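All values derive from a computational prediction rather than experimental measurement.
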Amino acid sequence: MAVPITVLDCDLLLYGRGHRTLDRFRLDDVTDDYLVTTYGFPRPFIDYLVDLLGGSLSRPTQRSRAISPETQIMAALGFYTSGSFQTRMGDTIGISQASMSRCVTNVTEALVERASQFISFPRDERSVQRLKDEFYNLAGVPGVLGVVDCTQVNIKASNSEDLSYVNRRGLHSLNCLLVCDARGSLLWAETSRLGSMQDNAVLHQSELYSRFETKMHKQGWLLADNAFILRPWLMTPVQLPESPSDYRYNMAHTATHSVMERTQRSLRLRFRCLDGSRATLQYSPEKSAQIVLACCILHNIALQHDLDIVSESGTSSLEPDEECVHMEPLESEAYRMRQELILTHFS
């Protein structure tokens, strides 16, 4: 007696007779509203991703090559933006959980391969100056090359005895280092650090720290909150403001740094798989880090396509600021540089 099967495993088609291409989901069969509602992006954006990633997703060495690039991309987008378990999203598209998992892996790896194409600091002098001007227009802080912060992304506990990924809230997570520009586009993303690490330690062990310490980025600085240690290239708020100039500087610093808060909120609103209140990434730390980076890349691509997200305060569960506050070395070069900045521009 034949048993009807609603969801098919694509491997049966891939390795069975005929090696047919599976096109269970076609963009032409659904409306634009359905795409935005279900997958979070409009049709032109999805078409762009198909053109961008199609070659990588059609590699004959991949087991899932019988699934079209279009279907693989829709499967991955559905997972990224809904935060739903893969089985549920696979049912929506019409593929098995195993095939859904391979689609997410394939698209994630294809995006990560292109990370440097979409996440980077500007290099030419005109673009760097434009970056500084856009930050200056926010609140009057000169010379800003980016705003830096860390954010926690919850992952499954791969080993109950391994506490290295357990953060201060007792949850397993990755501590991700991000830098964004005045619009919220990411200039830097390191997504693989242990959740137990303090924000400043994450920065100190990063390639970003090495670059700025060796003065690869001159005539400018990053802005960070007091979870980070003041450096000549890293301006933090004055911990104990005394003068009106100190207060004006702190207010301008806070207004400028808030672009990072909006960026993190937008990431979590658009990519629900990163929102710990709805779901935890059910993968190894290594694969989870790749998924986070893939979402960062898609965030930048969305901004390039003018697909911003309006994030209302309180609509996403961002982790609270790290409680650790570092004492400022009052005689350091960094302290003198910040004082000069305050006296010159906020007196």
Measuring from atom [atom1] of [X] to atom [atom2] of [Y], what distance do you get when rounded to the nearest 0.5 angstrom?
{"X": "T191", "Y": "Q290", "atom1": "OG1", "atom2": "CD", "answer": "8.0 Å"}
{"X": "S82", "Y": "R272", "atom1": "OG", "atom2": "CZ", "answer": "10.5 Å"}
{"X": "E242", "Y": "Y247", "atom1": "CD", "atom2": "OH", "answer": "8.5 Å"}
{"X": "E286", "Y": "S192", "atom1": "CD", "atom2": "OG", "answer": "9.0 Å"}
{"X": "C273", "Y": "L267", "atom1": "SG", "atom2": "CG", "answer": "10.0 Å"}
{"X": "T236", "Y": "H257", "atom1": "OG1", "atom2": "NE2", "answer": "10.0 Å"}

Strictly distance-based, threshold 3.5 Å: is any side-chain N or O of [X] a donor or acceptor partner for the main-chain N or O of [Y]?
{"X": "R193", "Y": "L203", "result": "no"}
{"X": "E213", "Y": "W233", "result": "no"}
{"X": "N154", "Y": "S173", "result": "no"}
{"X": "K132", "Y": "Q219", "result": "yes"}
{"X": "T214", "Y": "R211", "result": "yes"}
{"X": "R268", "Y": "L274", "result": "yes"}
{"X": "N167", "Y": "G195", "result": "no"}
{"X": "S266", "Y": "R262", "result": "yes"}
{"X": "S284", "Y": "K287", "result": "yes"}
{"X": "R338", "Y": "P237", "result": "yes"}

Practice item. Check the side chains of T105 and R102 for a donor-acceptor pair under 3.5 angstrom, ignoring hydrogens and angles. Key: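 Not at all, the side chains of R102 and T105 share no donor-acceptor pair under 3.5 Å.
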Exercise for review: Please determine, by modelled atom types, if Y80 and T108 share a side-chain donor-acceptor pair under 3.5 angstrom.
Suggested key: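 Yes.
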Counting C-beta onward and ignoring hydrogens, is there a side-chain heavy-atom pair between [X] and [Y] closer than 4.5 Å?
{"X": "I229", "Y": "L234", "result": "no"}
{"X": "M74", "Y": "L35", "result": "yes"}
{"X": "P232", "Y": "W221", "result": "no"}
{"X": "I119", "Y": "L293", "result": "yes"}
{"X": "L222", "Y": "V147", "result": "no"}
{"X": "V153", "Y": "L281", "result": "yes"}
{"X": "L177", "Y": "L208", "result": "yes"}
{"X": "S196", "Y": "V166", "result": "no"}

Please give me the minimum heavy-atom distance between [X] and [Y], naming the atom from each residue.
{"X": "I67", "Y": "S99", "answer": "CD1-CB, 3.9 Å"}
{"X": "G140", "Y": "P142", "answer": "O-CD, 3.4 Å"}
{"X": "N200", "Y": "F228", "answer": "OD1-CA, 3.5 Å"}
{"X": "G40", "Y": "R270", "answer": "O-NH1, 4.1 Å"}
{"X": "A182", "Y": "V259", "answer": "O-CG2, 3.2 Å"}
{"X": "G146", "Y": "V179", "answer": "CA-CG1, 3.9 Å"}

**Study point:** Note: R130-D133 ion pair, threshold 4.0 Å (strictly below)
**Key:**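 Result for this pair is no, no salt bridge flagged.
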Check your understanding: How about F45 and H305: are their ring centroids closer than 6.0 Å?
Key ->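 Aromatic pair counts; centres sit under 6.0 Å.
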Practice item. If the plane angle is over 60° it's perpendicular, under 30° parallel, otherwise tilted; pick one for Y209 and H204. Key: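 It falls in the tilted class, 30° to 60°.
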Review point. Which word best sums up how the rings of F41 and F271 line up, parallel for under 30°, tilted for 30 to 60°, or perpendicular for over 60°?
Key: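 Tilted.
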Could you state whether [X] and [Y] fall into the same hydrophobic cluster, counting links through intermediate Ile, Leu, Val, Met, Phe, Trp or Tyr residues with side-chain heavy atoms under 4.5 angstrom apart?
{"X": "V144", "Y": "L138", "answer": "yes"}
{"X": "V202", "Y": "L187", "answer": "yes"}
{"X": "Y48", "Y": "I297", "answer": "yes"}
{"X": "L298", "Y": "V50", "answer": "yes"}
{"X": "L307", "Y": "Y39", "answer": "yes"}

Practice item. Decide side chain to side chain contact (heavy atoms under 4.5 Å, CB included) for F121 and D181; before the verdict, give the C-alpha distance in whole Å, the side-chain angles of both, and the deciding distance to 0.1 Å. Key: CA-CA 9 Å; F121 280 90; D181 65 14; over 6 Å; no
Check your understanding: Can you check side chain to side chain contact (heavy atoms under 4.5 Å, CB included) on L178 and T151, steps first, answer last?
Key -> CA-CA 8 Å; L178 304 176; T151 187; 4.0 Å; yes
Practice item. Give the intermediate values and the outcome of side chain to side chain contact (heavy atoms under 4.5 Å, CB included) for residues F118 and Q304. Key: CA-CA 9 Å; F118 295 101; Q304 290 178 5; 3.8 Å; yes
Check your understanding: Can you tell me if CE on M337 sees more than 12 non-hydrogen neighbours from other groups inside 6.0 Å?
Key ->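 Yes, the 6.0 Å shell around CE holds more than 12 heavy atoms from other groups.
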Review point. Where do F346 and V141 land on the side chain to side chain contact (heavy atoms under 4.5 Å, CB included) test, with the steps shown first?
Key: CA-CA 9 Å; F346 297 96; V141 183; 4.0 Å; yes
Check your understanding: Which residue pairs satisfy the ring pair (Phe, Tyr, Trp, His ring centres under 6.0 Å) criterion with at least one member in residues 180-199, sequence neighbours excluded?
Key ->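 For residues 180-199, and leaving out neighbouring residues, there are no ring pair (Phe, Tyr, Trp, His ring centres under 6.0 Å) pairs at all.
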Check your understanding: Partners of Q117 by side chain to side chain contact (heavy atoms under 4.5 Å, CB included), sequence neighbours excluded?
Key ->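 Side chain to side chain contact (heavy atoms under 4.5 Å, CB included) check on Q117 returns L52, R114.
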Check your understanding: Between D306 and R183, is a salt bridge (Lys or Arg N to Asp or Glu O under 4.0 Å) present by the stated rule, with each step listed?
Key -> CA-CA 11 Å; D306 295 322; R183 189 188 176 196; 3.3 Å; yes
